[in-house]
Amino acid sequence: MKFSRGLLALILTLFFSTSLSAQYLYKDEVIFNPAFSAEIEKLGSELYQKSVISLRLIMLKELPNAMSIVEYEKELIKDFSEPTILLTFS
């Protein structure tokens, strides 16, 4: 099967954009369980494929610099270009 250069570039772009945004368990300072991480990645990937919305789970022992959760999320959300929902537990 022969692909045109444009089609190949499109396939590679879609593949890498999906794999680069596949950190749905964004920060985990609490659980550190590989099975839990795999399940979160699976659920996050499914949600992204169906709705093009990224759901990021953040679990921190404590918020940095005595920030509120809202302030912390406002700082993090600047790093994401696609629609993103942040679930933050601290």
Side-chain angles (χ1 to χ4, degrees):
M1 180 179 219
K2 190 171 186 171
F3 291 107
S4 70
R5 290 174 66 178
L7 180 59
L8 184 59
L10 177 63
I11 291 170
L12 289 173
T13 301
L14 290 173
F15 173 75
F16 284 115
S17 68
T18 302
S19 65
L20 288 176
S21 65
Q23 279 191 343
Y24 301 106
L25 181 56
Y26 190 68
K27 292 187 182 191
D28 178 12
E29 297 178 350
V30 181
I31 295 181
F32 303 114
N33 182 334
F36 176 76
S37 298
E39 190 65 26
I40 294 298
E41 292 298 319
K42 178 182 164 190
L43 292 172
S45 178
E46 183 178 338
L47 176 67
Y48 185 78
Q49 290 173 357
K50 291 180 178 179
S51 67
V52 193
I53 295 173
S54 292
L55 177 67
R56 313 278 179 171
L57 180 59
I58 302 158
M59 295 183 298
L60 304 171
K61 289 182 182 179
E62 63 183 60
L63 293 167
N65 304 325
M67 298 173 96
S68 71
I69 287 180
V70 173
E71 293 169 334
Y72 184 71
E73 287 180 337
K74 284 182 181 179
E75 288 297 314
L76 282 182
I77 203 77
K78 294 175 187 175
D79 296 337
F80 306 115
S81 58
E82 69 269 349
T84 303
I85 297 170
L86 297 176
L87 289 178
T88 306
F89 298 93
S90 178

#### Entry: Hphob cluster co-occupancy, I69 + L86, side-chain heavy atoms under 4.5 angstrom
yes

### Message
Regarding K42 and E46, does a basic nitrogen lie under 4.0 Å from an acidic carboxylate oxygen?
### Response
no

### Query
Taking all non-hydrogen atoms of both residues, which atom of S54 and which atom of Y24 are closest, and how far apart?
OG-CE2, 4.2 Å

### Query
Between N65 (side chain) and M67 (backbone), is there a donor-acceptor pair under 3.5 Å?
no

### Message
As a test of understanding, state which of I58, T88, L57 forms a side chain to side chain contact (heavy atoms under 4.5 Å, CB included) with K27.
### Response
I58

#### Entry: Interatomic spacing from CD in E73 to NZ in K78 - rounded to 0.5 Å
13.5 Å

### Electrostatic pair R56-E82, nearest N-O below 4.0 angstrom
yes

### Hydrophobic cluster membership, V52 vs L47, 4.5 Å side-chain cutoff
yes

### Query
If we only count heavy atoms from C-beta on, is the F36 to M59 side-chain gap below 4.5 Å?
yes

### Query
Please, which pairs that meet ring-ring contact (aromatic ring centres under 6.0 Å, His included) have at least one residue in residues 58-86, sequence neighbours excluded?
Y26-F80

### Task
Tell me, with the steps shown, if I53 and T84 meet side chain to side chain contact (heavy atoms under 4.5 Å, CB included).
CA-CA 6 Å; I53 295 173; T84 303; over 6 Å; no

### Task
Could you walk me through whether F32 and V30 pass side chain to side chain contact (heavy atoms under 4.5 Å, CB included), step by step?
CA-CA 6 Å; F32 303 114; V30 181; 6.0 Å; no

### Query
How long is the gap from CD on E62 to OG on S90, to the nearest 0.5 Å?
7.0 Å

### Shortest non-hydrogen separation from S68 to L63 and the atoms involved
C-CD1, 3.7 Å

#### Entry: Hphob cluster co-occupancy, L87 + I40, side-chain heavy atoms under 4.5 angstrom
yes

